[in-house]
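In what follows, a structure is listed as structure tokens, so that the remarks can point back to it.
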Amino acid sequence: DRSPSRGLGDVYKRQEEVTGEVGNVRGAAGSAGSGRVGAEKGTGSSLDDSALPALALADAKAVTGTLCGSHFHPEFRVAMILPWVDSSSTEPSHPPAWFPHLVATAAHSSLLVDWIVLHEGSLSLPPDIRAPNVRLVDLKTGGIARLLAARLAAALGLDTADAHALDERMGLMFGKWPRLVAEYKPAYGEVFERWLGNYTHWGYTDFDTILGQLPRFIERSELTQHHIVTYSFGDEDAVYLRGQWTIHRKDPAVNRLWRR
């Protein structure tokens with residue numbers, strides 16, 4: 001049962017008072033069941049930026065770890081990470097045609113969730129396509145591949161030659177098949193951790209996923225009792241993490257699960 005009354009109800013009432021927006025629209029994920037995958041809590045530090053090549057960090061000039069929006073839940077804040085690599089080589093780059101719909105629906109969840117869209121180079125968007133909880137971060141041309149390669153090389157302990165080779169090959173791969181950036185979703189918590197400083201949770205979704213008012217059906221227990229929460233479509237027994245919507249608790253042990 002994913003009725004809105006089981007979500008963060010008091011929080012949603014506060015959002016109605018703040019924004020004046022009252023509706024009964026629920027996102028597609030709101031009618032789905034939820035599968036949960038647990039991981040043992042642990043200690044340990046995350047990757048140190050000082051171990052990364054300067055080139056991998058030079059393009060990331062946006063303020064990091066700062067919350068978006070203007071009104072916040074007093075306990076929780078979720079960052080959904082969305083890297084975008086354009087398949088064309090023209091400037092400015094153009095996000096998917098349905099991106100304005102994602103931005104529009106994201107605004108209804110500003111109390112609880114931010115979307116961090118990492119792109120390369122200038123991004124062509126109509127001036128009215130904005131939401132307080134959607135942040136655009138320009139990593140410059142090739143920046144996503146460089147950052148992914150640097151983080152993976154540091155995590156895996158690669159030597160300089162192998163790290164350089166990984167950087168080169170990831171750049172070529174994303175240049176030819178940009179959609180493959182989504183294959184690294186489980187590692188986003190480490191790769192993009194510099195943007196997660198003030199968040200309690202991080203996750204991933206897709207550009208073509210249109211969500212409703214998330215505070216209405218994200219349950220408190222999902223954020224307090226589970227390390228990872230994913231919404232399934234009747235196949236929760238498969239313990240399958242959905243690319244459309246999966247949330248991780250921001251914890252070093254959880255962030256490092258991708259290494260196993």
Does Ile144 share a hydrophobic cluster with Leu172, counting links as ILVMFWY side-chain heavy atoms below 4.5 Å and allowing steps through other members? no
Partners of Phe174 by ring-ring contact (aromatic ring centres under 6.0 Å, His included), sequence neighbours excluded? none
Keeping the roles fixed (side chain from His226, backbone from Val229), state whether a donor-acceptor pair exists under 3.5 Å. no
So, taking the atom named CZ in Arg169 and the one named CG in Asp162, what distance separates them when rounded to the nearest 0.5 Å? 9.0 Å
Distance (rounded to the nearest 0.5 Å) between Arg256 CZ and Asp251 CG: 8.0 Å
Once side-chain hydrogen bond (donor to acceptor under 3.5 Å, both in side chains) is applied, do any residues pair with Gln225, and if so which ones, sequence neighbours excluded? none
If the plane angle is over 60° it's perpendicular, under 30° parallel, otherwise tilted; pick one for Tyr188 and Tyr204. perpendicular
Please name all residues satisfying side-chain contact (heavy atoms from CB on, under 4.5 Å) with Ala131, sequence neighbours left out, ordered by chain then number. Val103, Ala107, Asn133, Val134
His201: which residues meet the ring-ring contact (aromatic ring centres under 6.0 Å, His included) condition with it, sequence neighbours left out? none
Identify the two heavy atoms, one from Pro83 and one from Phe207, that lie closest to each other, and give their separation to 0.1 Å. O-CE1, 3.6 Å
Quick check: do Asp86 and Glu120 have side-chain heavy atoms less than 4.5 Å from each other? no
Salt bridge present between Asp114 and Arg77 (N-O < 4.0 angstrom): yes
Which residues share a side-chain contact (heavy atoms from CB on, under 4.5 Å) with Lys250, sequence neighbours left out: Leu196, Trp202, Asn255
Are any non-hydrogen side-chain atoms of Met170 and Leu152 less than 4.5 angstrom apart? yes
To the nearest 0.5 angstrom, please state how far the CE atom of Met173 sits from the CZ atom of Arg179. 10.5 Å
Give a yes or no answer on whether the side chain of Glu183 reaches the backbone of Leu180 with a donor-acceptor pair at less than 3.5 Å. no
Excluding sequence neighbours, so at least two apart, what forms side-chain contact (heavy atoms from CB on, under 4.5 Å) with His101? Trp98, Ile210
Kindly compute the distance separating CG (Leu223) from CD (Glu75), expressed to the nearest 0.5 Å. 9.5 Å
Determine whether a donor-acceptor pair (N or O, by modelled atom type, separation under 3.5 Å) exists between the side chain of Asp206 and the backbone of Asp208. no
The test is side-chain contact (heavy atoms from CB on, under 4.5 Å); show your working for Val191 and Tyr184 and say whether it passes. CA-CA 9 Å; Val191 173; Tyr184 297 89; over 6 Å; no
Side-chain contact test, heavy atoms from C-beta onward, threshold under 4.5 Å: evaluate it for Ile116 versus Phe192 and give yes or no. no
CD1-CD distance between Ile81 and Glu193, expressed to the nearest 0.5 angstrom: 10.0 Å
Taking the side chain as C-beta and beyond, is there a heavy-atom pair between Met80 and Val113 under 4.5 Å? yes
Looking at every heavy atom in both Thr205 and Leu82, which two are closest together, and how far apart are they? O-CD2, 3.3 Å
Output for pair (Trp245 CH2, Ile218 CD1), nearest 0.5 Å, gives 5.0 Å
For Ser109 against Pro215, the heavy-atom pair lying closest together: OG-CD, 3.9 Å
Any side-chain heavy atom of Leu139 within less than 4.5 Å of one from His119? no
Taking the side chain as everything from C-beta on, heavy atoms only, tell me whether Leu214 gets closer than 4.5 Å to Val78. no
Does Val181 reach the side chain of Trp84, with side-chain heavy atoms less than 4.5 Å apart? no
